[in-house]
J.: 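Here it is, the structure, as structure tokens.
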Amino acid sequence: MEKPLATLRSATGVPTGRLAVWWLLASEVVIFGGLLGAYLMFRLGHPEWANAAAVTNTWIGATNTFVLLTSSFTAVLAHQAAEKGDGVKAANYLFMTIGGALLFLIIKSFEWYYEISHGYTITANGFWSFYYTAAGIHAAHVIAGAIIMGFIAVAARKGKELQRVELVGIYWHFVDVVWIFLFPLLYIAK
Amino acid sequence: MSEHTEHPTTATGQDAHDGEHHTNYFKIYVTLLVLLVISILGPEIGILWVTLVTAFGIAFVKAYLVIQNFMHLRPEKVIVKWMLASSLLLMGIYFFGVAPDVMKHEGRNWVNMAAMAVVERGIPLDGEHAEEDEHADDGESPGEGEEAAVVAETPFNAAQAYGTVCASCHGAAGGGDGPAGASTTPPPADFTSADFWAATNDERMFQVIKNGGASQGLSPMMAGWGVLYDDDDIRQIIEHLKTFRP
Amino acid sequence: MAQAATEIHHEAHGHDAHAHHGPQGILKYIWSTDHKMIAMQYLFTGMFMGIVGGFMAYVFRMQLAFPGVSVPLFGVVSPGEYNALVTNHGSIMIFWVAMPVLIAAFGNYLIPLMIGADDMVFPRINRLSFQIFLVSVLMILASLFVSGGGFGGAWTSYPPLSAQSQYNLTSIGATMWLIAVALEFVAFLLGGINFIVTLMNARAPGMKAYDIPVVAWMIVIASILFMLSVGPLIAGAIMLLFDQTIGTGFFDPARGGDPILWQHLFWFFGHPEVYVVLLPAVGIVIDIVATFARKKLFGYKIMIFTAVATGVLSFFVWAHHQFIAGIDPRMANIFTVTTLLISVPIAELLFVMIATLYGGNIKLNTPMLWALSFIAEFLIGGVTGIFLGASGADIYLHDTYFVLAHFHYTFFPIAIIGTFAGFTYWFPKMFGKMMDDRLGKIHFWGTIIPFNMIFIPLFVLGLGGQHRRIYNFQNFPELAAMQPFRVLATVSLIIMLLFQLVFFWNCIKSWRGGAKAGRNPWKANTLEWTTESPPPHGNWPRDAMPRVYRGPYEYSVPGREDDYWPQNLPS
Amino acid sequence: MLERLVQQASSYAADIDGLILLVLVLVGFWFLLAEGMFFWLIWKFRERPGGRSEYITGKEKHLKRWISIPHALVLVCDVFIIIASVRVWYDVKQHLPQADETIRVTGQQWAWVFTHPGPDGDLDTPDDIQTVDDLYVEVDKTYHFQLESRDVLHSFSVPVFRLKQDAVPGRRITGWFRPTVTGTFDIQCAEICGIGHGVMAGRIHVQDAGTMAQWVTANSSTAAQ
């Protein structure tokens, strides 16, 4: 499809795609903000949740933080390569980022399997409800990001639409930032 | 569906960052990892304020580093910063508007007794529990899992169902004298009256319970419960009603 | 309904299809990415849902006026059905009529045309947005026919009633209602990002921020409000969905949850939502008033700033919907102050609109009548809001018919009057034909007079202590005596609904046999009037896109022969 | 004004009606002024053949006054309304006067259960009297009520008292009223609570001291048996 002229204009000086991603993130901030704000209120009002939080495994959470930080690092390297016009290198870095996403999801599913099989299900109590809901919405974002990155990496390998490498990168870093806050909220604070 | 390269202002979309490329991404990455290690080790000390600072203070520092250096917010137009700042500010308003009702359990002229009871009941600290495998095998939930188990697995109990959904109108003893029935016209059926049983049969009762009173030309206030109970459950309820029969 | 939209559009300008390379045949309409086609899809879907919502209003008003009778075309209304009808009437009118028509339809149609662009910046996301919206429409309609019936817990959907099926008895209907609303939010988030970015980035060369027509500004401000307020409710909807389906206890007090949390999440979105639909309607009215008064706006910047101020303040007032709902009484004082402060920018906005008439040469044709009636009627809705914002008075008036009449005096001008104003004003542009002015005026008076006759009695009933959502007032001795007011409201409603037939007749008649409109029938300044009617795909030839030299409201400039001065004319 | 539609039967009903009247006067003034101005302008500047509008930008000082002065006055009116409103709110909802007696009101689908403290004046004792949908109170006596709910949200509304408060499951919300007129009045549920919401009607019986004393003796003795 031919691109409309409208898409090529940039009255603000921020490229259209990047502006849209920033707006998307602003709307994501309020979605996660609403959920985590509610969690924080309940957590501060229910000291007994500390006993439930004690069950979560900080080391698994830390490993996942490490995985996501690393994937963020490769995403920014992909952006750097795309800026230099090196589509193949950008694509390779993106595939590494996707690998990070998959590793994150695999660790997560083992963690959840262990917890669910020990009876800590989403209905067990308020803490676990928030735990699975918040991490689940975050994981949905990880999955969506990995799929989008796959498409962009395939195009970038052919040298097409390189600016999209940066756009998906910004989104990916946001997913990382959400986890940076989920980690202390769900794992460290006991 | 994004910028074409032939357009001068948008070019590849990275023009705005030219000259900003000297950020050493690797250095930032290493810094982030060091901060991660500190945030894990901090709480191990066990002092509350150290935990708070290392866990949440460092989260903010890490987020700041990622946003400024990886997402390149630093060289971005000021309007983008305003957008993000206002969405964060709104979350602050939301928190302070809601917290007095939800976070606190009592206030001027009200107490949240249910929340207090939940705090009081507490959650058993079963760190070892999680290690024990026999509980995992029989699928039973430890501690607060009980309610979940009730929702999912309890076999149907007609007497209990009668108590929860029927008794408020038909009365605990089936006399049609439950509190909610007092204001309905016509009044709820009285299962202790012989006339009631003379005028009905199993099939009719089944239809009324499943599809509501209106389906048999009776009071529309008798709701249909087919959504909640399957046919077997309803037959069990009818059997339970027969225990009221004079 | 999208079908009807596409067919009308097909006939209207079937011959310029050669201009684009998109899908052909019927797919061209269903799969089109053209902003005008998507606008039509939204417009006609919204109008169809308006008919559904109107029919619901007819059924439950009949039940209230003549309790227990068999309503023609429906039958006897049971209490459960009554609750489902009022719930879905409210949800449909706000989420599936006001939002798609005012924001999505007019936004899609007008923003690219008014800023001199050939399309939205993301045409395929735009199409995706409509498709998600269509799924939500089918979902809400289907939810009325599932086992157990449609959801009956009011459009606010307060738990525990909405969360637990043993209380609401509509386990399937409630879940489908919730999913439909959530999908609708997603559709409008995608659409909203598109509107905002289009206005920010895709303006014609020379068009500065204060050269943008007010209606485009308003739709974009509304989209921003929507985006920033809906987040917590999306999170809340997921939590409520889990409560309903897998048995979590987010809103169940017995398990540590809190029903008050949902109220906050809902109204944190719900109050800005009022302004989300208000602002586009205000924008439409302002554009029409300027055109037919042949006047420059009295303070263009004041209007934009008051709209922004209203939007910002609307985030600070939400708990006035919960004064007596169990929030801490001390918090109510804060929210009373913020709520009453919001009257300041809104009053300013209305004053400026009225002042624009001063010194004009006012032509009273159908679109202008609709626009002026918006101001007159919305004023009633605005001032009655003060009673409810004052916490002390709200103790008595909360959840009475006074509230109901108040917000119908705001939402009716917004969703119905605003839509008719915009539709009659841009009809020549959309279909290339003029509308019949005489039929238009009959329809106008046949709508406005019964409208007031419906809701003025409801103010009286509300002051008399009659509460909402009660299916039969004969159970309350003090209220039973006020039956004549209920009958009056119902009869007026039926008259108003019948007069809508005039509108549909007028549409069909004008579309088939109306006079040709030409490019600029109203002699207006904004860019959409500089292209053909209806505009071809791409709006303007790709090598002759408009350039902008001045603001949109330069009417009756001294020293010029014409009393208008299009934005794209070099001086 | 409102008392012609609904009787005033509690100590604060007149305050709330007074506030509504104050808002009506202030808001009505602005409403009539704006509508009057609006229709006058439409009539004055109606279309004249060959007529032409004036070119006014809204920046002219002598014209801008017409907006900015009313604008400031609206703010002043708002301040009056806020002060009056907060005062009424404080008296009715925030500050509870000393109670002569405390009752409990429990909402459930779809009935009101009222618990009277009985002869000893204390709730949760064996001589409590429970009634369904009928609340018996004594005139000129200050009551506190503890509002609770067993299942979903309800709202305890007595229009003649100008009293309304939502009942939230899990919470106990305390409020007060002081009946000033004897008689029997409606209680409505004002928050949708399911299919029976429309029949969740109660009656409140305000009695003089003698009748009330008789009622208490009659009912608590039957409860004790």
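Order of the sequence lines fixes the chain letters, A, B, ..., with proteins taken first and strands second; residue numbering starts at 1 for each chain. Note that the structure is a prediction, hence the values are computed from the model and not measured.
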J.: If you compare all heavy atoms of C:R203 against all heavy atoms of A:A11, which two are closest, and at what distance to 0.1 Å?
T.: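 Closest approach of C:R203 to A:A11, heavy atoms only: NH2-CB, 3.9 Å.
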J.: Side chain from CB out, backbone as N, CA, C, O: work out which of these in C:T248 comes under 4.5 Å of a heavy atom of chain A, or both, or neither.
T.: both
J.: Under 4.5 Å, heavy atom to heavy atom: which of residues 58-78 of chain A reach chain C? Give them by number, or say none.
T.: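 Expected list: none.
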J.: Taking all heavy atoms of C:R255 and all of A:T123, pick out the closest pair and write down the distance.
T.: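 What the structure gives for the nearest pair is NH2-O, 3.3 Å.
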J.: Between CE of C:M227 and CG of A:L24, what distance do you get to the nearest 0.5 Å?
T.: 7.0 Å
J.: Output the distance between atom OG1 (A:T7) and atom CZ (C:F122), rounded to the nearest 0.5 Å.
T.: 7.0 Å
J.: Below 4.5 Å, heavy-atom pairs only: which of C:L233, C:I196, C:L261 has the largest tally toward chain A?
T.: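 Among C:L233, C:I196, C:L261, the one with the most close pairs to chain A is C:I196.
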J.: Ring pair (Phe, Tyr, Trp, His ring centres under 6.0 Å) for A:F130 and C:F250? Distances and angles first, verdict last.
T.: CA-CA 8 Å; A:F130 271 107; C:F250 288 113; 4.8 Å; yes
J.: If I take atom OG from residue A:S27 and atom CZ from residue C:F185, how far apart are they, to the nearest 0.5 angstrom?
T.: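 One gets 13.5 Å once the value is rounded to the nearest 0.5 Å.
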J.: Could you tell me which portion of C:D252 (side chain, backbone, both or neither) has an atom closer than 4.5 angstrom to a non-hydrogen atom of chain A?
T.: neither
J.: Is there a side-chain contact between C:P232 and A:V30, using heavy atoms and a 4.5 Å cut-off?
T.: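 Yes; the side chains approach each other to less than 4.5 Å.
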J.: Just give me the residue among C:P112, C:A204, C:S229 that pairs up with chain A most often, heavy atom to heavy atom, under 4.5 Å.
T.: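 Sorted descending by pairs with chain A, the first entry is C:A204.
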J.: Working to the nearest 0.5 angstrom, can you tell me the gap between C:M200 CE and A:W23 CH2?
T.: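 It comes to 6.0 Å.
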J.: Tell me, side chain or backbone of A:L36 under 4.5 Å from chain C's heavy atoms, or both, or neither?
T.: neither
J.: Which atom names give the shortest non-hydrogen contact between C:G249 and A:S129, and what distance separates them?
T.: N-OG, 4.4 Å
J.: Return yes if some donor-acceptor pair links the side-chain N/O of A:R9 with the main-chain N/O of C:P205 below 3.5 Å, else return no.
T.: no
J.: For C:N201 and A:T12, indicate whether the former's side chain and the latter's backbone hold a donor-acceptor pair under 3.5 Å.
T.: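 The answer is yes, because a donor-acceptor pair under 3.5 Å joins these two groups.
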J.: Which heavy atom of C:A202 sits nearest a heavy atom of A:A6, and at what distance?
T.: CB-O, 3.5 Å
J.: Determine the minimum heavy-atom distance between C:A235 and A:G34, stating which atoms define it.
T.: CB-C, 4.4 Å
J.: In terms of heavy-atom pairs under 4.5 Å with chain A, which of C:L190, C:I115, C:D118, C:D119 leads?
T.: C:D118
J.: Check whether C:M207 gets within reach of chain A through its side chain, its backbone, both or neither, counting any heavy atom under 4.5 Å.
T.: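 For C:M207, no heavy atom lies under 4.5 Å from chain A.
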J.: Applying side chain to side chain contact (heavy atoms under 4.5 Å, CB included), run through C:I238 and A:T133 and close with a yes or a no.
T.: CA-CA 8 Å; C:I238 295 170; A:T133 309; 4.1 Å; yes
J.: Apply side-chain hydrogen bond (donor to acceptor under 3.5 Å, both in side chains) to C:R542 and list each qualifying residue two or more places apart in sequence or on a separate chain.
T.: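 If we apply the side-chain hydrogen bond (donor to acceptor under 3.5 Å, both in side chains) test to C:R542, skipping adjacent residues, there are no hits.
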